[in-house]
Amino acid sequence: MSDLSAQKCEACRADAPQVSDEELATLIKMIPDWVPVVKDGVMQLEREFKFKNFKLALAFTNKVAELAEAEFHHPGILTEWGKVTVTYWTHAINGLHKNDFICAAKTDDLLES
Ligand SMILES: C[C@H](O)[C@H](O)[C@H]1CNC2=NC(N)=NC(=O)C2=N1
């Protein structure tokens, strides 16, 4: 568990600021397996997780879903045979918030659980 994954998400508020370029540069180093991507004009964090088959991919998907409910911060999840693509962004601000980095770090920790 890292400093980032030990933190808790805060409630998503529409007036919350998006992370600054400097914060992005610092935070992205803490989750080196994730990449910032822009989809439909919205900056998001994305990582592909590889598995031996669909059953393992689905089991991981369910762990991510439980995390999302526990933090009340929800990703996009694409579950395929042998692969799960997880994407975080904050809908309330249509961009990246520190919550997204916390949840990405917590998602990485699920691989050890
Ligand atoms: C009403 C609103 O959807 C909720 O406050 C939560 C639910 N989960 C969420 N998840 C994400 N990724 N962004 C949000 O803004 C968000 N809002």
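Ligands are counted one by one from 1 in listed order, and the atoms in each one are counted from 1 as well. Just so you know, these numbers use all the heavy atoms, side chains as well, and skip hydrogens, waters and symmetry mates.
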Under 4.0 Å from ligand 1, counting heavy atoms only: the protein residues, by chain and number
Cys12, Phe72, His73, His74, Trp89, Thr90, His91, Ala92
Checking side-chain polar atoms at under 3.5 Å, does Glu23 have a donor or acceptor matched by the opposite partner on Thr26?
no
Classify the ring geometry of His91 against Trp89: parallel below 30°, tilted from 30° to 60°, perpendicular beyond 60°.
tilted
ring-ring contact (aromatic ring centres under 6.0 Å, His included) partners of Phe101, counting only residues at least two apart:
none
Could you tell me which residues satisfy salt bridge (charged side-chain N to carboxylate O under 4.0 Å, His left out) with Asp15, sequence neighbours excluded, listed by chain and number?
Arg13
Donor-acceptor pairs under 3.5 angstrom involving side-chain atoms of residues 31-45: please list them, not counting sequence neighbours.
residue	atom	partner	partner atom	Å
Trp34	NE1	Asp108	OD1	2.9
Trp34	NE1	Asp108	OD2	3.1
Lys39	NZ	Glu46	OE1	2.6

Any luck finding a side-chain donor-acceptor pair between Lys106 and Gln7 under 3.5 Å?
no
